Structures are given as C-alpha cells and as structure tokens.
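Indexing begins at 1, ligand by ligand and atom by atom, following the structure's order. Source: prediction; values computed, not measured.
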Amino acid sequence: MSIPAERSVRAAEWPLGTRPEGELRVDGARMLRRLAEISRIGARPGHGITRLGLTPEETEARAYLAGECHRDGLVARTDQAGNLVVRRARRRDKPALLLGSHIDTVADGGRLDGTYGVMAACEVLRVLAEHDVELDVEPVVVAFTNEEGAFFPYPFFGSLGLVGQVDTDHAKRMSAHGVALPDALRAAGGDLDTIAEAAWAPGSVAGYLELHIEQGPVLEEASLPIGVVQAITGRTVLDITVCGGQDHAGTTPMRMRRDALAVASRAVLAVERLARSRDLCRVATVGKLDVEPNTTNVIPGLVRLTAELRDGRAERLRTAEQAITTELAQLASATDTTIDVRLDPVTQPVATDHALSRAIADAADELGLRHLGMDSGAGHDAQIVAAIAPIGMIFVPSRNGISHAPQEETDDLHLVAGADTLLRTVLGAGRP
Ligand code: GLV
Ligand code: MN
Ligand code: MN
C-alpha cells in the first residue's frame, strides 16, 4: 500500500537510512530478522504458523526469545503463568511500564498477530538499554502465553496470570487431546500451584503498551500507518451441545429423525442472524463445530459448537447472549433435541487510557506518521491488563485486512514505523 502524506513517507523511510541526528530509533533490520527467525517455529509450508499456547512450539519460541534477549544483555525469565518477562540487567526500583503481546498463534495462523508486538517491544528495550536511557518508569517486556486459547480453550491465560485472575480450579480440570493444562504449563516453565506469584501488585505497574497489527481493513483503506486504539471489543463465548439421536442414514425415515447436525445448522444461522440482521451485537461467529460420530452413513447424534459474540458495549453482549439462549431453547423443543448452552467467562470491552493514547498520538506526530483513533475488533492482552493498570495500544495496517490466516502480512516499513512509535511513546510517557 502507499502512504500518501509526504511527511509520513519520510518518517517511514528513516529506518532505511535517514536518521535525524540525536533521535533514538529502533534497529528495524535487527527486529525484522528476529521476527523472521521466530516465525520458523511452528511454520508449515502453505499453512502459515501453528504455535498454540502451552505447546512445545510456543515453548521453543519462548526459548528463542530468551536466548536473543540474553545475547543483548537483557534478563529474561519465565513466570509461573508461562509468560516470558524481560528486563534490563540493572534493575530500577520504579513502577513498571509493561510492553508486550503474545507469542502463541491460532492454528494455521499468521506470523505477526501478537509476535510482532513482542519482537518490537524487545527491540525497544534493547535500544533503551544500549543507550542507558533513564526513565521514571522501568520498561519491562512481557511475552504472554496462550492469548488465543486455540489448544487449551483458556484465552488470555498469561495476562490473566499477570493480573492474578486465573481460575485455578477451572485450569486444573482443563485438558486438550489428552494433555492436562497443569502438565503443559509445567512443561512451559510455569506452575499452576504457585501461579499467584505471577501476579503483579496493582501499584507496581504504571501502564501497559501493546503494539499489534490491526487485523482488519481500516488503516489500509484510509492509507494511514498508525492506529491509536480507543477501545477494545468485548467477547462472549457460548459452548453449545446439541444432542439428537444417532441412527442409520439409510433406513431412518425423515419424519423420525432427530439429526443433531441439521439442528446445529439452524443454530449456526441463528447465531449469524444476531449480528447480520438483528443488529444485537457487532459480529457473531460459529468457528468450531464437532460432529459425532462424523460418518457418512450415520445420522449425527451429537454436535458441539461454539458461538462467539463481540461488541464494544457490555449490555449489547448480554442482550445478544440472552436472545440466542432463548432461540436455542425454542429450537430444541421444536426439534425434539436437547441443546445445552454453557457460558464461558466473558471478556469485557475496555477503553484505553486517555493519557497513554495522547502519548501515542504525540509520538506518531513527532515521527511524521499520520494516525487515526479507532476501536479494536480483536481481543488483546491489554484488555486483561487494564484490570491493574492504564493501557494504550498502537496498530499498524494489515495487508488486505487479513489476519488469523497464513496470508496475514504487513509492509516492513509499517512494522518498523510501529516499533519506532512504541519507542517514542515509551520515551514520552516515561521521561522524568
Ligand atoms: C484474538 O486473537 C481474538 O480472537 O480477538
Ligand atoms: Mn489473534
Ligand atoms: Mn493478537
């Protein structure tokens, strides 16, 4: 994509050579090289990256990152929640300014969602350390684990650990494909029994900044290099189980069937209608569906699916949830099936902090990067960290708006411009 404003082009070209004297800049080439290196972990040709939270691939990525940080003279350790926490070697006894994102992906995901923000944050920390920059906050990088919840369906696990909100009973009971979450966490370097120690006391965190790809089309359509996030969407997930009657596909007359998949199909469309025609929430998706026994000549007896509803307003999410619960109860009684609906913990929408957003906008202005205030339709660790500290988020454009897919991409110039914006925001927000 092209960047229209002449000032923006010059700013975005700084990492390619024109560095105004005396101004700190990230080493864009170094950041991009490391981003390329970490992107090999979990990559499968033609399928993007599968580096699911709390799996060996994510652990390998954490180890790679820790190694690079140690090489830079930084200190990296894994906390009890499986997050990698990176500091400068000489610790200052000051409130922390956390910089971070996640290093896990969805299945067949892209290389930038989460990981870009982590690699950029590490680059910023390295520049601050190299120049021995003294701030009135201590910048600390956190690479969160299992933000996506794609293997263990416990999204935001790492950031929930950081704010002391992991439900340990729930986590103890959770397993996926025969692997228990507590065992996977131990293999990742964490420990569910002592996870409370991963929590940061509220006064110890001055703020949290997250740099992320937009994952949508807004910045690209507006030809703008930087988004300043104003609010992050809320998210409700319902686990739905449709129980019908398994039977012979050749001999059971249509009038006698209780086909769980046919009923689930109606449920899928009812979920879609919540957003598409009823406007009860912004978006509604069924992204997961398991059919039993999933055999060509057998009428499905059981279907498990998830309904994911998102909106920026908590009351709209509640209304949509109630509407679909009522509709599914009616569907069950009309089809002689049972439909069980279980509500997962709701992720509330949150607003970002005005002062941090101002600092981001100022930083972009200083760099000559045009910016736009916008809401995030994706969820982010930032909205969890908001429970203990003010948050700010920076977006860079996503090519064709695509994310959670192998085609996820952002121009290198934008990646570097975003990292420079993060650096300048830290300098602006943390200068004594
Ligand atoms: C996070 O990736 C989300 O699903 O919004
Ligand atoms: Mn994601
Ligand atoms: Mn993400």
Side-chain angles (χ1 to χ4, degrees), residues 35 38-39 42 48-55 57-58 61 83 99-121 141-160 162 208-218 227 229 231-238 275 281-288 306-312 317 344-350 352 374-386 391-398 401-410 415 418 422:
L35 190 51
I38 199 170
S39 301
I49 299 174
T50 300
R51 194 164 62 228
L52 310 184
L54 299 172
T55 67
E57 287 77 19
E58 193 204 39
N83 305 312
L99 316 175
S101 196
H102 57 98
I103 51 169
D104 63 315
T105 70
V106 293
D108 295 352
R111 72 188 181 105
L112 300 173
D113 175 4
T115 307
Y116 159 56
V118 170
M119 303 315 280
V141 174
V142 187
F144 289 110
T145 187
N146 200 36
E147 187 265 358
E148 304 284 5
F151 186 72
F152 292 106
Y154 203 145
F156 303 114
F157 184 85
S159 40
L160 286 166
L162 185 118
Y208 172 77
L209 289 170
E210 183 163 352
L211 169 63
H212 206 283
I213 54 166
E214 181 202 325
Q215 308 183 271
V218 175
V229 177
I232 307 174
T233 190
R235 178 183 190 227
T236 293
V237 176
L238 301 167
C281 54
R282 183 175 54 83
V283 287
T285 310
V286 173
K288 186 169 191 296
T306 57
E308 198 219 50
L309 322 178
R310 299 197 190 206
D311 200 89
L317 274 180
D344 285 2
V346 173
T347 309
Q348 296 297 343
V350 299
T352 54
M374 59 187 294
D375 289 352
S376 171
H380 298 288
D381 291 302
Q383 72 200 104
I384 305 300
V385 181
I391 58 158
M393 280 201 79
I394 305 167
F395 274 174
V396 294
S398 287
I402 296 173
S403 183
H404 281 186
Q407 296 79 12
E408 179 182 279
E409 202 36 276
T410 295
L415 294 175
L422 179 65

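Heavy-atom contacts of E148 reach the following atoms of ligand 1: 1 (C), 2 (O) (cutoff under 4.0 Å). Taking every heavy atom of R310 and a limit of under 4.0 angstrom, the matching atoms of ligand 1 come to 3 (C), 4 (O), 5 (O). Close approach of ligand 1 to G379 is summarised as follows: ligand atoms under 4.0 Å from at least one heavy atom of the residue are 1 (C), 3 (C), 5 (O).
To the nearest 10 degrees, the angle centred on the Mn ion (ligand 2) between NE2 in H404 and OE2 in E148 reads 110°. The OD1 atom of D113, the Mn ion (ligand 3) and the NE2 atom of H212 define an angle of 90° (nearest 10 degrees).
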- request: Check step by step if side-chain contact (heavy atoms from CB on, under 4.5 Å) holds for F157 and D104.
  value: CA-CA 11 Å; F157 184 85; D104 63 315; over 6 Å; no
Step-by-step side-chain contact (heavy atoms from CB on, under 4.5 Å) determination, D113 to H102: CA-CA 8 Å; D113 175 4; H102 57 98; 3.1 Å; yes
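Every N/O-N/O distance between A378 and ligand 1 stays at or above 3.5 Å. Looking at ligand 1, you won't find any N or O of E308 less than 3.5 Å from one of its N or O atoms. Below 3.5 Å of separation, one finds no N or O of R235 facing any N or O of ligand 1.
Under a 3.5 Å cut-off, the side chain of N83 and the backbone N or O of G158 do form a donor-acceptor pair. Looking at T50, its side chain does come within 3.5 Å of a backbone N or O of D108 through a donor-acceptor pair. Side chain of E408 to main chain of L112: a donor-acceptor pair is present (N/O by atom type, distance under 3.5 Å, no hydrogens or angles). At least one donor-acceptor pair closer than 3.5 Å links the side chain of R51 to the backbone N or O of I103. Here the side chain of E308 pairs no donor or acceptor atom with the backbone of R235 at under 3.5 angstrom.
Contacts between Q215 and ligand 1 below 4.0 angstrom, taking non-hydrogen atoms only, are absent altogether. The proximity of H380 to ligand 1, defined as any non-hydrogen pair under 4.0 Å, does not occur for either the backbone or the side chain.
For the Mn ion (ligand 3), the set of nearby N, O or S atoms under 2.8 Å includes one belonging to H102.
Ring centers of F395 and H380: under 6.0 Å apart, within the cut-off.
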